[in-house]
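These values consider heavy atoms only, across backbone and side chains, with no hydrogens, waters or symmetry-generated copies. Just so you know, these numbers come straight off a predicted model, no measurement behind them. Here is the naming used below: chain letters follow the sequence lines, and residue numbers restart at 1 for every chain.
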Amino acid sequence: MSETDDKHAVPDMPDTTGTITMEVARFRPDRESEPSWDSYDVPLRKEWAVLDGLNHIKDQLDGTLSYRWSCRMGICGSCGMTVNGEPKLTCSTFLTDYAPGPVRVEPLANFPVIRDLVVDIEDFMAKLPTVKPWLVSGDEEPAEDSEYRQTPAEMDDYRRYSMCINCMLCYSACPVYALDPDFIGPAAIALAQRYNLDSRDEGNEDRRDVLASAEGVWACTFVGECSVACPKDVDPAGAIQRYKLTAATQAVKDLLLPRGAR
Amino acid sequence: MTTKRSPEPFAWLLFSSGGMAAAMLIPVLLLLFGIVFPLGWLSAPSHDRLAAVLTHPVTLLVLFGLCVLALFHWAHRFRYTLYDGLQLRKAAPVIAVLCYGGAAVGSVIAAFVLIRAL
């Protein structure tokens, strides 16, 4: 090995010249009633993510494998799957971290499986608009050339929650959602808070009925797995806890104060 | 999806203030009376002095508040342990009555014990 190679060598990197076995959950509803496992040996390269392994299988080994992906750079939120039991974005989960293997790839937990690694996300898609995750403005339309100015501090209030990419890893990680499918869930509540805490938004009261319901924040028991699973560091558990305090304060006000003073 | 207002915020406020009160007061009390005084790191207050502090109405009120909040903290947590941990969601109303009812009974007992100290 030359001196230059030595300098660029990454210490403690597992051997990247061999292969790794990927055990992939298969489910073909037209042919079988229960999911099964297929094993594939794929090249183990240090720059290969689990998604690259799946693409290798699809292109070279078995074209019948179905899974969702798009951007390969952790922003589209399509490629969430269960890797060795944990919900992960497969495009940013590297095969070398699981060497010598095998790596088990399953569909996201807590969602019905359509085929192989593709899950039905209809439940989340139906819940998301109920929290109105958009800027709700008052009756007064702004003048044509006006701007909604915001200070950096005002932006910091919601910025973290705006990083959500709707990948649904948090739903897959949430034990409450597993037990109670009516729970609105971590991402939807974090996205509601993204707008509630935005200085330009006036939709707090519109979102309250859904957020402060038994299926809203009150279903959460603060297990915190959503924030562990989140690949974008959104901290949905923190968003939910913050809204619990908001909702509880409002509930006390509703009880104690006359309607006009709330 | 129902959007019924839930009584949960009040249970949660008792739960969270109970957790806060217990976390702030109980470790200090355990440290002082369980370790520091028995090991003689600090000289323990005399019995008369401690009795005077304990029978002061303000102390009794603080202790009563701590007991009530800690009991409701327990009730809320235990309720969810039974709901989710043991998967007893079907018995939810019974569990809620038993847990919060137990905390209420405990609060009455605490009041009784503390009033007797007056």
Requested in this report: Heavy-atom distances under 4.5 Å only: say whether A:Val217 touches chain B with side chain, backbone, both or neither.
Outcome: neither
Query raised in the report: What parts of residues 231-246 of chain A touch chain B if we use heavy atoms and a cut-off under 4.5 Å?
Result: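 When heavy atoms of chain B are the reference, residues 231-246 of chain A contributes A:Gln241, A:Lys244, A:Leu245 within the under-4.5 Å range.
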Query raised in the report: What distance separates A:Asp180 CG from B:Asp84 CG, expressed to the nearest 0.5 Å?
Result: 8.5 Å
Query raised in the report: Roughly how far apart are A:Leu179 CG and B:Arg89 CZ, rounded to 0.5 Å?
Result: 6.5 Å
Query - pair B:Tyr83-A:Thr221: side-chain heavy atoms closer than 4.5 Å - result: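 No, side chains not in contact.
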Query raised in the report: Closest approach of B:Phe10 and A:Ala251, non-hydrogen atoms and distance?
Result: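 Looking at all heavy atoms of both residues, the shortest contact is CZ-O, 3.6 Å.
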Query - For the student: nearest non-hydrogen atoms of B:Tyr80 and A:Trp218, plus distance - result: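 For B:Tyr80 and A:Trp218, the tightest heavy-atom pair comes out as OH-O, 3.6 Å.
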Query raised in the report: More than 12 foreign heavy atoms under 6.0 Å from CZ of B:Phe78: is that the case here?
Result: no
Query raised in the report: Is the number of heavy atoms from other residues, nucleotides or ligands under 6.0 Å of A:Arg68 CZ greater than 12?
Result: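 Yes, the 6.0 Å shell around CZ holds more than 12 heavy atoms from other groups.
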